[in-house]
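Note that these values count all heavy atoms, side chains included, but never hydrogens, waters or copies made by symmetry.
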Protein chains: 2
Amino acid sequence: MPKQTFFNLPEDKKERILNTAIDEFSKYYYHKASISRIVKNAGIAKGSFYQYFEDKKDLFKYLIGRAGEEKMKHFNPIMTNIDNVNFFEVVRAMYITGIRFAMENPRLQQIADNFIRDNDTRLKQEILGDNIPKSNEMFISMINKGIEKGDLDPSIDVALTASIITNLNIAISDYFIKEVKGKDYMEMMPLVDKMLYILKNGIKSKKEGEK
Amino acid sequence: MPKQTFFNLPEDKKERILNTAIDEFSKYYYHKASISRIVKNAGIAKGSFYQYFEDKKDLFKYLIGRAGEEKMKHFNPIMTNIDNVNFFEVVRAMYITGIRFAMENPRLQQIADNFIRDNDTRLKQEILGDNIPKSNEMFISMINKGIEKGDLDPSIDVALTASIITNLNIAISDYFIKEVKGKDYMEMMPLVDKMLYILKNGIKSKKEGEK
DNA sequence: CAAGCATATGACTACATAGTCATGTGACCC
DNA sequence: GGGTCACATGACTATGTAGTCATATGCTTG
């Protein structure tokens, strides 16, 4: 956590510092991001930085935490209905909010991306604690419920399906941002539906049987 | 390319240097990997290193190239049959060889992984040139042929499906390495088939219609 | 005015990095 | 012996980093 000194700062200064830090960590991954550059760009002294934050990790943890909170704000409303709606509706809502978040907060999305892809597992452990497996567990329980309710094919492999759904989430965000960037984000809707069609029905021709 | 001096070295010395370098780049991504550590671990002088390679990038390019060649050795036999066999057979063979490569060459796999995930696009561009889009183009042409032949549902979105198949390739390797590591790699076969089942048929329950 | 306290500062330490270069060493040939 | 050439060496340069610390500024309170 940042020191009290940081929270005591006037709002605009806090904002300026965080904004500069977000810029830095969205451009460079953790180890390459530079405190020296941050203080230079934010127009504060090196010493001041260390009056605000314990160290580099302290700042980064704080940013990751804020990004997570921001993302959760969008996801929570979906999760409350989770038991009442069709499985695919939930997945659809998740994909849509995921893309929306990425478009509305490209720098935070980039920071999260860099962080997820970072292979310094010690750093990840220190910063995330044990929040990583939770998302997968949630999917697994969702899939199990989906099978019970009759929404899903009971012969699928649950853990593998969870992994697929997670990866498709990443795939569709990537695909959309690469292919459709700049355009209105409402254009993602048909794309999400095409993705869900495939997830639901597969890609095998319906006209003839399996060879 | 490494300098001639490097290729003139006795085989065991070359081997020792490359081996140490592979170790380093599989543990750390490009910018964090250290030439100083490599020369220390390989037992050669710093100056010698620069008699063998132009610079850090030269060595890395060489390693990426070797890893690529190694991987291609496995893939090429599949690609020659590409027109004669069922679409899903090709995808199946690709997934299997992908996992096999990852298991047989964990360090090379790790280097390729680190590199793909690196977000220094300039470095990527310099090292890969324009080889990146090629793999996607190949998938797209495969999918189009699959539709023509009647293997695939013509209503799918081709580009999106290509992206899905690529991502599922990553997903299954990840999943397999996390879940099944240490065991015999033949255990991946049922997993690949479950994955293909989902890709073919989707995950929707077959008993009742869509809600 | 004076004391005290929160905040601000940038030179500095200690360390790591990639890459250079002048000097050695040893084998081979004339 | 003398010359040439390939390879070997590690001290050194230049640059970057995270983090420290003694000092200074300025606001608030008695």
Separation of dA11(C) P from Ile44(A) CD1 (nearest whole Å):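 These atoms are roughly 16 Å apart.
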How about Ile156(B) and Ile143(B): do any of their side-chain heavy atoms sit closer than 4.5 Å?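 They are in side-chain contact.
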Sub-4.5 Å side-chain heavy-atom contact between Thr97(A) and Ile78(A):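 The answer is yes; the side chains approach within 4.5 Å.
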Could you list all the salt bridge (charged side-chain N to carboxylate O under 4.0 Å, His left out) pairs where at least one residue sits in [range], not counting sequence neighbours?
range	value
residues 74-86 of chain B	Asp83(B)-Lys145(B)
residues 70-81 of chain A	Glu70(A)-Lys73(A)
residues 41-67 of chain A	Lys57(A)-Glu126(A)

Less than 6.0 angstrom from the centroid, inside 45 degrees of the normal: does Arg107(B) satisfy that with respect to the ring of Phe25(B)?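 No - Arg107(B) does not lie over the ring of Phe25(B) by the 6.0 Å and 45° rule.
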Does Phe88(A) have Lys200(A) sitting over its ring (NZ/CZ under 6.0 Å from centre, angle to axis within 45°)?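 Yes, cation above the ring, under 6.0 Å and within 45°.
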Consecutive-pair stems (at least three Watson-Crick or G-U pairs, under 3.5 Å) that include DNA chain D: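 Correct response: C:1-30 with D:1-30.
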Once base and sugar-phosphate atoms are separated, protein heavy atoms under 4.0 Å mark nucleotides 13-20 of chain C, 5' to 3', with B, S and - as ----SBBB
Listed partners of [X] passing ring-ring contact (aromatic ring centres under 6.0 Å, His included), at least two apart:
X	value
Tyr52(A)	none
Phe6(A)	Phe53(A)
Tyr30(B)	Phe60(B)

Quick check on contacts: within residues 14-25 of chain B, what sits under 4.0 Å from DNA chain D by heavy-atom distance?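 Contacting residues: none.
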Please name all residues satisfying side chain to side chain contact (heavy atoms under 4.5 Å, CB included) with Arg100(B), sequence neighbours left out, ordered by chain then number.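 For Arg100(B) the side chain to side chain contact (heavy atoms under 4.5 Å, CB included) partners, ignoring immediate neighbours, are His74(B), Glu104(B), Tyr185(B).
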Test of understanding: with salt bridge (charged side-chain N to carboxylate O under 4.0 Å, His left out), list the residues that count as partners of Glu148(B), not counting sequence neighbours.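 Counting only residues at least two positions away or on another chain, Glu148(B) forms no salt bridge (charged side-chain N to carboxylate O under 4.0 Å, His left out).
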Distances under 3.5 Å between protein N/O atoms and the N/O atoms of nucleotides 6-8 of chain C, please, pair by pair.
unit_1: dT7(C); atom_1: OP1; unit_2: Asn8(A); atom_2: ND2; d: 3.0
unit_1: dA8(C); atom_1: OP1; unit_2: Lys13(A); atom_2: NZ; d: 2.5
unit_1: dA8(C); atom_1: OP2; unit_2: Tyr52(A); atom_2: OH; d: 2.5
unit_1: dA8(C); atom_1: N7; unit_2: Gln51(A); atom_2: NE2; d: 2.5
unit_1: dA8(C); atom_1: N6; unit_2: Gln51(A); atom_2: NE2; d: 3.4

